Amino acid sequence: QVQLVESGGGLVQAGGSLRLSCAASGRSFSNYAMGWFRQAPGKEREFVAAISWNGVSRYYADSVKGRFTISRDNVKNTVYLQMNSLKPEDTAVYYCAAGPRGSYYSKVYSYWGQGTQVTVSS
């Protein structure tokens with residue numbers, strides 16, 4: 001079992017930045033690839049970014065490429081999502097997830113956090 005707890009969400013103006021954190025506990029964090037997903041009201045959950053277990057491979061949705069950066073610290077058992085140049089359309093609940101490999105598909109991930117709200121005002 002892996003427990004995931006997100007933090008760092010909040011209200012920010014368009015053009016601003018936030019850094020989300022996801023702290024993991026339980027089974028060995030470094031065994032898992034990690035992903036970030038988001039879900040806006042009335043929309044399906046969508047992929048944002050993913051990172052391999054060793055941080056070498058990173059994947060991004062086209063909508064966030066160049067603005068968001070995913071990273072991880074296997075000593076601190078934490079994955080991060082640095083979000084810059086935020087837009088109102090980035091408003092959503094952001095979830096981190098752990099799985100056997102980095103993927104765009106949510107079904108690949110076995111463990112999920114509860115989510116953290118990000119609101120970007122125009």
Side-chain angles (χ1 to χ4, degrees):
Q1 283 279 31
V2 176
Q3 292 79 42
L4 303 172
V5 178
E6 301 95 337
S7 62
L11 174 64
V12 64
Q13 288 188 334
S17 299
L18 282 174
R19 187 176 82 155
L20 305 184
S21 300
C22 174
S25 60
R27 297 181 67 180
S28 180
F29 174 74
S30 60
N31 288 343
Y32 294 92
M34 299 296 296
W36 285 97
F37 289 76
R38 66 187 182 186
Q39 188 167 18
K43 295 187 177 181
E44 294 187 352
R45 189 172 297 188
E46 66 174 2
F47 170 78
V48 176
I51 188 168
S52 59
W53 68 272
N54 58 3
V56 170
S57 298
R58 308 182 191 201
Y59 315 88
Y60 296 94
D62 288 343
S63 59
V64 307
K65 206 170 290 183
R67 300 188 298 123
F68 290 11
T69 302
I70 189 171
S71 61
R72 66 187 297 160
D73 186 332
N74 286 348
V75 174
K76 295 182 177 180
N77 290 352
T78 303
V79 63
Y80 304 97
L81 186 68
Q82 177 67 44
M83 306 186 296
N84 298 329
S85 302
L86 282 161
K87 304 175 181 180
E89 51 264 44
D90 294 318
T91 295
V93 177
Y94 283 70
Y95 300 89
C96 68
R101 63 185 185 276
S103 175
Y104 299 89
Y105 301 105
S106 61
K107 291 182 179 180
V108 170
Y109 298 87
S110 306
Y111 304 102
W112 292 82
Q114 294 300 306
T116 185
Q117 176 71 47
V118 172
T119 303
V120 184
S121 63
S122 57

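Please read all numbers here as calculations on a predicted model, not as lab measurements.
Taking the side chain as every heavy atom from C-beta outward, Tyr32 and Ser110 never approach each other to under 4.5 Å. Here the side chains of Leu4 and Met34 are in contact, with some heavy-atom distance below 4.5 Å. Using a 4.5 Å cut-off on side-chain heavy atoms (C-beta onward), Ser52 and Arg72 make no contact. Contact of the Asp90 side chain with the Met83 side chain is not registered, since no non-hydrogen atoms from C-beta on lie closer than 4.5 Å. Within the 4.5 Å cutoff, no side-chain heavy atoms of Glu6 are placed close to those of Leu20. Inter-residue side-chain proximity for Thr116 and Ser7 is flagged as unmet; no heavy-atom pair is nearer than 4.5 Å. Contact check for Val64 versus Arg38: side-chain heavy atoms found under the 4.5 Å cut-off. Considering only heavy atoms from C-beta on, Phe68 stays 4.5 Å or farther from Trp36 through its side chain.
Not counting sequence neighbours, the partners of Val93 by the side-chain contact (heavy atoms from CB on, under 4.5 Å) test are Tyr95, Gln117. Taking the ring-ring contact (aromatic ring centres under 6.0 Å, His included) definition, one finds that Tyr109 meets it with Phe37, sequence neighbours left out. Scored by the ring-ring contact (aromatic ring centres under 6.0 Å, His included) test, Tyr80 finds no partners at all (sequence neighbours excluded).
Neither Tyr104 nor Tyr111 shares a network with the other; the hydrophobic side chains, linked directly or stepwise wherever heavy atoms of I, L, V, M, F, W or Y lie under 4.5 Å apart, form separate groups for each. In the hydrophobic cluster analysis, where Ile, Leu, Val, Met, Phe, Trp and Tyr join through side-chain heavy atoms closer than 4.5 angstrom, Leu86 is grouped apart from Phe47. Trp112 and Tyr94 are not part of a single hydrophobic cluster, where members link through side-chain heavy atoms under 4.5 Å apart.
For CZ of Arg101, the number of neighbouring non-hydrogen atoms (other residues, nucleotides, ligands) closer than 6.0 Å is 12 at most. Within a 6.0 Å radius of CD in Gln3, more than 12 heavy atoms belonging to other residues, nucleotides or ligands are found.
Here the shortest heavy-atom pairing between Ala92 and Ala40 reads CB-N, 3.8 Å. The two residues Ser103 and Tyr105 come nearest to each other via the heavy atoms OG-N, 3.0 Å. When all heavy atoms of Ala49 and Leu81 are compared, the pair lying nearest together is CB-CD1, 4.2 Å. Nearest heavy atoms, Thr78 versus Lys76: OG1-O, 2.9 Å. Contact record, Ala33 with Gly102: CB-N, 3.2 Å, taken as the closest heavy-atom pair.
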For Ile70 and Tyr60, run side-chain contact (heavy atoms from CB on, under 4.5 Å): C-alpha distance rounded to whole Å, both residues' side-chain angles, the deciding distance at 0.1 Å, then the answer. CA-CA 9 Å; Ile70 189 171; Tyr60 296 94; 3.5 Å; yes
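The closest donor-acceptor contact from the side chain of Thr91 to the backbone of Val120 lies under 3.5 Å. Side-chain atoms of Asn74 come within 3.5 Å of backbone N or O of Trp53 as a donor-acceptor pair.
Distance check: Asn54 CG to Ser30 OG gives 10.0 Å after rounding to the nearest 0.5 Å. Taken to the nearest 0.5 Å, the CD atom of Gln114 stands 11.0 Å off from the SG atom of Cys22.
A salt bridge links Lys65 to Asp62: one of the charged nitrogens lies within less than 4.0 Å of a carboxylate oxygen.
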